[in-house]
Amino acid sequence: MHDLNFFRDHLELFEQMARHRGITLDLEGFRALDRERRELITAAERLKAERNKASEEIARRKKSGQDAAGLIAEMKRVSEEIKQYDEHIAQLDERTREFLLTVPNLPHPSVPVGQGEQDNVEVRRWGAAPKFSFTPRPHWEVGERARILDLPAAVKIAGARFALYVGAGARLERALANFFLDTHTQQHGYTEILPPFAANRASLTGTGHLPKFAADMFHLEGTDLWLTPTAEVQLNNLYRDETIDADALPIKVCAWTACFRSEAGAAGKDTRGIARQHQFQKVELFKFTRPESSYDELELLVRDAEAILQRLGLHHRVIQLCTADLGFASAKTYDLEVWLPSTNGFKEISSCSNCEAFQARRSGIRYKPKGGKSEFVHTLNGSGLAVGRTWMAVVENYQQEDGSIVMPEVLRPYMGIDRIPAPAAAKA
RNA sequence: GGAGGAGUGGCCGAGUGGUUGAAGGCGGCGGUCUUGAAAACCGUUAGGCCCGCAAGGGUCUCGGGGGUUCGAAUCCCUCCUCCUCCGCCA
């Protein structure tokens with residue numbers, strides 16, 4: 001959310017932002033609403049000042065035994081009037097807030113202006129696509145042959161867009177999550193958090209998931225709880241409505257969680273395999289930083305996520321999103337895309353964003369510099385990485401002609417085996 | 001799930017309808033003193049919003065929301081959180 005005063009004073013900035021993001025903002029409506037609201041506040045406060053003065057006078061008169069009945073009667077009328085004003089103002093406040101909550105963040109000047117995905121910019125590539133002496137199979141075929149993935153069972157238990165892993169497949173999921181967490185905590189300096197998998201309205205509003213994206217989440221009926229769509233929500237809200245000690249910054253935390261997404265509007269997209277699920281695991285990276293260092297920290301965050309792909313030996317590239325593709329709360333985003341042989345292309349596996357003070361303002365997360373006034377921190381988040389999609393990438397990139405899957409070196413201690421055996425040897 | 005108790009400023013802690021945005025203490029900041037420091041002493045020490053070029057003025061905030069009243073930290077309702085006891089349970 002943007003600061004109301006800043007928004008009012010820089011409408012031209014927001015007009016440009018809307019154009020660059022390809023959205024519409026009713027700025028004229030805002031102007032009228034804002035003007036009316038301020039006029040009413042001024043009028044109401046004038047009456048309140050009058051009432052406060054009169055109340056003192058009443059107290060004085062009563063103390064000295066004088067009559068105050070006339071004044072009291074008059075103030076009764078004034079109070080009625082104030083009540084009318086306050087009710088009207090509350091309505092306008094709510095409308096202002098609702099409007100402001102739907103205004104996305106301003107892109108950083110370094111973000112390329114674009115119309116859509118096609119205008120994203122490739123920043124760098126790492127590694128090379130593996131060469132196969134046979135036609136590589138998609139991960140669901142490899143997984144079914146090796147009997148480590150049972151999608152029909154998941155459909156029976158829960159429905160479409162759920163997955164069920166078996167044996168070494170289940171262990172691979174667990175191995176990946178552990179490898180991610182160990183790397184980030186032991187080598188990259190993040191503190192591990194294991195948060196609730198559900199979050200309330202206030203938390204989801206803080207990150208920007210509510211009110212605008214309610215349809216993308218699973219709401220727990222009859223409660224104020226939603227299944228978390230990403231641990232970004234929980235990690236951001238670790239410090240909601242708190243002032244962080246300046247010396248503690250930057251704070252780096254990471255969390256493994258399940259994530260739940262309704263994927264409304266994604267019908268027909270990624271229907272085969274496990275690329276797009278209602279439930280998936282993810283290790284999330286999150287930073288609270290001082291404003292002046294947040295962009296340096298973003299570069300480091302991307303490197304932390306990339307390091308995982310590199311240690312797994314997976315070919316990937318880094319993409320900078322253009323203005324039109326930028327997420328609601330983000331001022332600048334890099335996506336990491338991993339090579340998937342079956343598609344002969346790249347697939348998103350991580351998204352790393354600097355939200356600047358956008359979330360911090362919504363969530364009330366401040367820090368107090370030495371001798372200065374408290375200010376909002378900057379928040380950054382990134383996947384490090386999506387576990388299910390990494391599972392896909394490992395299975396596809398390390399598949400062998402006989403159907404076995406070689407384990408990358410770094411996973412072997414976690415897996416206890418060098419390769420997931422070929423189908424013939426994989427009898428259940 | 002049942003029965004009680006509690007939520008005041010950065011922290012502790014007064015305050016039960018009328019100059020209380022809130023005593024006092026601690027902490028923080030500035031100063032006096034000191035070669036320096038400590039101690040002592042003096043002063044200072046929330047934020048949001050509205051009007052205003054500014055200086056400044058006004059208003060709101062004592063867990064959240066609502067109500068009673070001319071006036072609420074103080075009375076009433078409701079919700080949330082924490083604590084104690086009982087029950088249940090992985």
Side-chain angles (χ1 to χ4, degrees), chain A residues 1-10 30-101 194-206 210-211 220 222-226 234 237-249 251 258 288 357-358 360-377:
Chain A
M1 179 159 63
H2 299 282
D3 177 71
L4 175 61
N5 288 310
F6 180 84
F7 187 80
R8 177 162 55 224
D9 294 341
H10 298 84
F30 168 79
R31 269 195 198 93
L33 174 65
D34 186 54
R35 199 179 309 121
E36 186 185 4
R37 179 177 156 274
R38 286 193 286 164
E39 279 168 10
L40 291 179
I41 287 174
T42 304
E45 290 191 349
R46 195 170 295 138
L47 290 178
K48 285 178 184 176
E50 185 186 330
R51 182 180 66 185
N52 287 344
K53 278 215 185 72
S55 283
E56 275 178 41
E57 176 61 20
I58 289 168
R60 219 178 348 259
R61 287 193 196 176
K62 286 206 160 180
K63 214 171 248 170
S64 63
Q66 287 177 271
D67 175 60
L71 244 193
I72 288 176
E74 197 185 329
M75 284 311 108
K76 194 178 172 68
R77 278 196 306 278
V78 171
S79 279
E80 272 311 308
E81 206 179 335
I82 288 172
K83 199 173 164 184
Q84 302 294 316
Y85 270 114
D86 279 349
E87 276 168 17
H88 198 169
I89 290 165
Q91 283 173 22
L92 299 188
D93 277 348
E94 188 51 32
R95 278 170 57 195
T96 302
R97 200 180 104 85
E98 276 168 13
F99 173 78
L100 233 40
L101 280 177
L194 205 169
F197 288 4
N200 57 30
R201 178 182 302 275
S203 295
L204 289 158
T205 304
L210 285 177
L220 299 177
T223 71
D224 183 44
L225 291 170
W226 284 258
Q234 296 99 305
N237 283 281
L238 257 181
Y239 292 102
R240 173 154 51 84
D241 295 325
E242 289 185 31
T243 301
I244 301 171
D245 182 18
D247 295 332
L249 298 177
I251 292 175
F288 303 86
F358 188 84
R361 198 173 294 112
R362 288 168 84 112
S363 304
I365 308 171
R366 297 161 220 265
Y367 78 103
K368 199 173 170 95
K370 280 244 180 315
K373 279 183 68 173
S374 64
E375 283 180 59
F376 292 111
V377 299

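All values reported here derive from a predicted model rather than from experimental measurement. Per chain, numbering begins at 1; letters A, B, ... match sequence-line order.
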Q. For the side chain of Thr42(A), counting heavy atoms from C-beta on, which of C51(B), U68(B), U59(B) is nearest?
A. C51(B)
Q.
Please give the distance between the C1' atoms of G27(B) and G9(B) as a whole number of Å.
A. 13 Å
Q) When we call it a touch if two heavy atoms are under 4.0 Å apart, what does Arg97(A) touch: a base, just sugar-phosphate, or nothing? A) nothing
Q | Over 12 foreign heavy atoms within 6.0 Å of CZ, Arg201(A) | A | no
Q: Hey, which sits more toward the 5' end of RNA chain B by its nearest nucleotide, Glu39(A) or Arg366(A)?
A: Arg366(A)
Q.
Using modelled atom types and a 3.5 Å cut-off, is there a donor and acceptor pairing between side-chain atoms of Ser363(A) and backbone atoms of Ala360(A)?
A. no
Output one line per pair: protein atom, nucleotide atom from nucleotides 69-78 of chain B, and distance, for all N/O pairs under 3.5 Å.
{"from": "C70(B)", "atom 1": "OP2", "to": "Lys76(A)", "atom 2": "NZ", "distance (Å)": "3.0"}
{"from": "C70(B)", "atom 1": "O4'", "to": "Ile72(A)", "atom 2": "O", "distance (Å)": "3.3"}
{"from": "C70(B)", "atom 1": "O3'", "to": "Ser79(A)", "atom 2": "OG", "distance (Å)": "3.1"}
{"from": "G71(B)", "atom 1": "OP1", "to": "Ser79(A)", "atom 2": "OG", "distance (Å)": "2.9"}
{"from": "G71(B)", "atom 1": "O4'", "to": "Ser55(A)", "atom 2": "OG", "distance (Å)": "3.3"}

Q: Could you give me the CA-CA distance, side-chain angles and deciding distance for Lys48(A) and Asp86(A), then say whether side-chain contact (heavy atoms from CB on, under 4.5 Å) is met?
A: CA-CA 11 Å; Lys48(A) 285 178 184 176; Asp86(A) 279 349; 3.3 Å; yes
Q) Can the ring centres of Tyr367(A) and Phe288(A) be said to be less than 6.0 Å apart? A) no
Q | Gap separating the CG atom of Leu47(A) from the CZ atom of Arg51(A), nearest 0.5 angstrom | A | 9.0 Å
Q: Would you check, one step at a time, whether the test side-chain contact (heavy atoms from CB on, under 4.5 Å) holds for Glu56(A) with Asn52(A)?
A: CA-CA 6 Å; Glu56(A) 275 178 41; Asn52(A) 287 344; 5.6 Å; no
Q) Given the rule in the side-chain hydrogen bond (donor to acceptor under 3.5 Å, both in side chains) test, do Asn200(A) and Ser203(A) qualify, once you have shown the distances and angles that lead to the verdict? A) CA-CA 5 Å; Asn200(A) 57 30; Ser203(A) 295; 3.0 Å; yes
(Q) Once you measure the plane-to-plane angle for Phe30(A) and Phe99(A), does it fall in the parallel (<30°), tilted (30-60°) or perpendicular (>60°) bin? (A) parallel
Q) Would you call Asp34(A) and Arg38(A) a salt bridge, taking side-chain N to carboxylate O under 4.0 Å as the test? A) yes
**Q.** Ile41(A) or Arg60(A), whichever maps to the more 5' nucleotide of RNA chain B
**A.** Arg60(A)
**Q.** Arg35(A) CZ - C50(B) P separation (whole Å)
**A.** 15 Å
Q) Between C60(B) atom P and Arg46(A) atom CZ, what is the distance in whole Å? A) 15 Å
**Q.** Nearest-angstrom distance, C1' atom, U16(B) to C76(B)
**A.** 14 Å
Q | Heavy-atom check, side chain of Leu4(A) versus side chain of Arg37(A), under 4.5 Å | A | yes
Q: Check the distance between C49(B)'s P and Lys48(A)'s NZ and give it to me in whole angstrom.
A: 15 Å
**Q.** Integer angstrom distance from the P of A55(B) to that of G67(B)
**A.** 36 Å
Q: Rounded to whole angstrom, note down the C1' distance from U68(B) over to G17(B).
A: 11 Å
Q) For the side chain of Lys83(A), counting heavy atoms from C-beta on, which of G67(B), C49(B), C60(B) is nearest? A) G67(B)
Q) Could you state the CD-C1' distance from Glu56(A) to G58(B), rounded to the nearest angstrom? A) 13 Å
Q) Does OP1 or OP2 of C60(B) have a side-chain N or O of Asn52(A) closer than 4.0 Å? A) yes
Q: Using atom types as modelled and distance alone, determine if a side-chain donor or acceptor of Arg361(A) lies under 3.5 Å from a backbone N or O of Met1(A).
A: yes
Scan nucleotides 54-57 of chain B against the protein and return all N/O pairs shorter than 3.5 Å with their distances rounded to 0.1 Å.
none

Q: Write down the distance between CG (Leu225(A)) and P (C80(B)), rounded to a whole number of angstrom.
A: 12 Å
Q: Considering only atom P, compute the distance from A6(B) to C77(B) and round it to an integer number of Å.
A: 14 Å
Q) Given Glu81(A) and Arg77(A), is the salt bridge (Lys or Arg N to Asp or Glu O under 4.0 Å) satisfied, shown in steps? A) CA-CA 6 Å; Glu81(A) 206 179 335; Arg77(A) 278 196 306 278; over 6 Å; no
(Q) I'd like the P distance from G64(B) over to G7(B), given in whole Å. (A) 13 Å
Q | Nearest-angstrom distance from the residue atom CZ of Arg61(A) to P of U19(B) | A | 17 Å
(Q) Can you check the distance between G36(B) and G43(B), where both ends of the measurement are the P atom (answer in whole Å)? (A) 24 Å
(Q) Could you check whether any side-chain heavy atom of Lys76(A) comes within less than 4.5 Å of a side-chain heavy atom of Ile72(A), counting everything from C-beta outward? (A) no
Q. So, is Arg8(A) near the phosphate of C50(B), with a side-chain N or O under 4.0 Å from OP1 or OP2?
A. yes
**Q.** Nearest-angstrom distance from the residue atom CG of Asp3(A) to P of G47(B)
**A.** 15 Å
Q. Do the side-chain N or O atoms of Asn5(A) get closer than 4.0 angstrom to the phosphate oxygens (OP1, OP2) of C50(B)?
A. yes
**Q.** Value in whole Å for how far the P atom of G48(B) lies from CZ of Phe6(A)
**A.** 17 Å
Q: State the dot-bracket string of RNA chain B. Criteria: Watson-Crick or G-U wobble, both atom distances under 3.5 angstrom; notation: ( ) intrastrand, [ ] crossing earlier pairs, | interstrand, . unpaired.
A: ((((((((.[[[..)..(.....]]]((((((.......))))))((((((....)))))).[[[[[..)....]]]]])))))))....
Q: For A40(B) and C26(B), measure between their P atoms and round to the nearest Å.
A: 9 Å
